[in-house]
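I have placed the structure first, in the form of structure tokens, so that the comments after it can refer back to it.
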Amino acid sequence: MSLSEQEVQRRKSLEQLREKGIEPYPAALFPVNAFSSELQANYQEGKKVTIAGRLMRKKVQGKASFGEIQDSKGRIQVYFNRDEICPDEDKSMYNDVFKKLLDLGDFIGINGEIFKTQVGEITIKVESFEVLSKALKPLPVVKQDEKGNVFDAFTDPEQRYRMRYVDLIVNQEVKETFVKRTKLMNAMRQFFNEREYFEVETPILQPIPGGAAARPFITHHNALDIPLYLRVANELYLKRLIVGGFDGVYEFSKDFRNEGMDRTHNPEFTVMEIYVAYKDYFWMMDFTEQMIEQAAIAVNGTSTVTNGGNEISLKAPFKRISMLDSIKEHTGFDVSEMDEKGLKEVCAQLDIPTDDSMGKGKLIDEIFGEKCEANYIQPTFITDYPVEMSPLCKKHRDNPNLTERFELMINGKEIANAYSELNDPIDQRERFEEQLKLSEKGDDEAMFIDQDFLRALEFGMPPTSGMGIGIDRLTMLLTGQTSIQEVLFFPQMKPEPKKVVPQKTDFEKIGVSELWSEHVMAVYGTVESLTSAKPTQVHQMLNGYRKKNKLTIDALQLADVEAWF
RNA sequence: GAUUCAGUAGCUCAGCUGGUAGAGCAUCUCCCUUUUAAGGAGAGGGUCCAGGGUUCGAACCCCUGCUGAAUCACCA
């Protein structure tokens, strides 16, 4: 492992702290009693405070210095005065520990007193400080001027996602996004709990990956010697609970799909699903729009959001239109009475590619996806999907070719999906069998049959409406982000390639002594670059290095060096 | 999976027709007791993503690979 200049420097500082009897990683608690932004908001001159955080700015001006402490709430300036910190003869706490051995990023604890500087900035006058944890790697230094212009921002997405901890330290607005994500989930929980719906947990490892049409991740359980799948949805388990007698159940569910990754897809993602007995999808639309409006206000203080240049109003009620009407509106075609052949002709006219595995439902869905979906910027419920697309959804009360389903489109994207749930066990069995035929036809996303779920339905499930909502996408909407990676702490990435770093021992293998190997590596890097040079040159080079760095090992003889070649 | 773009110091980035690397911040040394994106003076710091090729000579041109981003395909 080779360290950068700054890392070497910090390790030296670490050692020097220990030599001074200062433990850089102390065990004892530090009695914090104040936070940066709260002190700013509530100025009390002369107040004694104890705070802790990272040192993020250090500006030494001789016998007095300014710094900035970043804690969980924000930042506050701190003032170090040599004679305040070191009232006695011994000035080393200021001259050495603060000025030389503390680096940006180190955690320190401070006892001090609040005052305002001549410029009027609220500042803590340090009376004493202690090292709480030493940082061995330098953070990117991001600066900001009065107008909020940011300089040298840490922006490389790869580094930001791989080292989210650094991103969070250095880019304040990143933290804000995640705070909003949690506020959103809390607001939803509150909305459900007020109505006495019950938060539950259901299996993530499932023997049959049901409830959605998607490619699952597969794993194996050794003790049972069976395959298990990471859930693609939790729908069938929540409905079993409705069978079991709960009136309303919900779960924030991490689901997993073994499919492509892009700006809006991560292999693991979060969905909230809720099922409420004795309701239908009309009720669910009212429920959903109220929930979204309230959540938006809880997160942003307003029901208006701006995303991708669009201003969107999340104030209930939302517009409603049936899928077939939407197609008619955006393409001019009335596909309501068409068969598979007619639909394929429409697709051909609209320039939508089709293939043999597509049934009626899929064709209609393609037309909608291609020609209609993107038009719905303001929240809109698209209702009454074709029965083939919705094997878990109750048939429409007025038209058996359709289902009582809605999707909520916002900003041209699907945000939520809901049904009057299918509770007729015989119909459900037939729908599963239809899916099986589709999968035999080549649709590799058709659903598996879950016999136990059918058995549950045969015991009777009350009329129920269920709704699922993508938490990642809703967070994106409410925070103005356009990439899912910005709303996931740790988005999936390819593993970092292991760097093949040359080792000291590589040099020792060709005969370099243990005393010399690290220095030879420092000069030449790799064995190859060493052996491609001339022995006489190498001999001079290394002895020159010895002299320059005042190494206390014996100089090399030319014969020693020649032996390496 | 396809295409395009990118990878240079701890961070953000320059680097001309190919002549073996530069700035700002950060770091180190010295000076400075209320500063504020950056006080003054000096110094150090790089396998230019990796591996091949072309060339007298490659950060730069060509090929392959790795990683990321964007667009597309896929994603009920």
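In what follows, every chain begins at residue 1, and chains take the letters A, B, ... in the order their sequences are listed.
Between A:R10 and B:rG10 there is no side-chain N or O to OP1 or OP2 distance below 4.0 Å. Considering only side-chain N and O atoms, A:K116 lies nowhere under 4.0 angstrom from the phosphate OP1 or OP2 of B:rU34. For A:Q159 and B:rG68, the shortest distance from a side-chain N or O to OP1 or OP2 is not below 4.0 Å. A:R263 has a side-chain polar atom (N or O) that falls below the 4.0 Å cut-off from OP1 or OP2 of B:rU71. When the side-chain nitrogen and oxygen atoms of A:K362 are compared with OP1 and OP2 of B:rA76, none of them lie within a distance under 4.0 Å. In this model, the phosphate group of B:rU67 is approached by a side-chain N or O of A:K494 to a distance below 4.0 Å at OP1 or OP2. A sub-4.0 Å separation between OP1 or OP2 of B:rU36 and a side-chain N or O of A:R57 is absent. OP1 or OP2 of B:rA9 has not a single side-chain nitrogen or oxygen of A:Q6 nearer than 4.0 Å.
Remark: B:rG1 base-pairs with B:rC72; criterion is Watson-Crick or G-U wobble with both hydrogen-bond distances under 3.5 Å. The partner of B:rC61 is B:rG53, by the rule that a Watson-Crick or G-U pair needs both atom distances under 3.5 Å. Of the nucleotides present, none pairs with B:rU17 by Watson-Crick or G-U wobble criteria with both distances under 3.5 Å. With a cut-off of 3.5 Å on both Watson-Crick or G-U wobble distances, the partner of B:rU47 is given as none. Pair assignment for B:rA26 gives none, since no Watson-Crick or G-U wobble pairing has each distance under 3.5 Å. Pairing partner, B:rA6: B:rU67, with both Watson-Crick or wobble hydrogen-bond distances short of 3.5 Å.
Between A:F368 and A:E373, the closest side-chain pair of non-hydrogen atoms falls below 4.5 Å. Under the 4.5 Å side-chain criterion, counting only non-hydrogen atoms from C-beta, A:R160 is in contact with A:R164.
Atom-to-atom, CD of A:E158 to P of B:rA6 comes out at 16 Å; the value is rounded to the nearest Å. The nearest whole Å value for the distance from the CG atom in A:N258 to the P atom in B:rC74 is 18 Å. The NZ atom of A:K143 sits 14 Å away from the C1' atom of B:rG10 (whole-angstrom rounding). For the pair A:Q9 CD and B:rA9 C1', the computed distance is 16 Å after rounding to whole Å. Atom-to-atom, CG of A:N81 to P of B:rC32 comes out at 14 Å; the value is rounded to the nearest Å. B:rU35 atom P lies 18 Å from atom CD1 of A:I124, rounded to whole Å. Separating the CG atom of A:D365 from the P atom of B:rA76 is a distance of 9 Å, rounded to the nearest angstrom.
Rounded to the nearest Å, the gap between the P atom of B:rA43 and that of B:rG22 is 14 Å. Nucleotides B:rA41 and B:rU4, compared at atom P, are 49 Å apart to the nearest Å. When the P atom is used for both B:rG10 and B:rU27, the distance is 14 Å, rounded to whole Å.
For A:T117 against B:rU35, a side-chain N or O and a base N or O form a donor-acceptor pair under 3.5 Å. A donor and an acceptor atom sit less than 3.5 Å apart, one in the side chain of A:E121 and one in the base of B:rU36. A donor-acceptor contact under 3.5 Å is formed by the side chain of A:E5 with the base of B:rG44.
Inspection of the A:Y79 and A:S65 side chains reveals no N or O donor paired with an N or O acceptor under 3.5 Å. Between the side chains of A:E486 and A:Y161, a donor-acceptor pair is found at a separation under 3.5 Å.
Here the side chain of A:Q77 is nearest to one of B:rU36, B:rA76, B:rC28, namely B:rU36.
The six-membered or imidazole ring of A:Y229 lies away from that of A:F256, with a centre-to-centre distance of 6.0 Å or more. In this structure, A:Y385 has its ring center no closer than 6.0 Å to that of A:H396. Remark: aromatic rings of A:F80 and A:F129 are close, center separation under 6.0 Å.
Where A:F115 and A:D156 meet RNA chain B, the nucleotide closest to each residue was compared, and A:D156 sits on the side nearer the 5' end. If you find the closest nucleotide of RNA chain B to A:R82 and to A:Q144, the one lying nearer the 5' end belongs to A:R82.
Residue contacts shown for A:V60 include a base, since a base heavy atom lies under 4.0 Å away.
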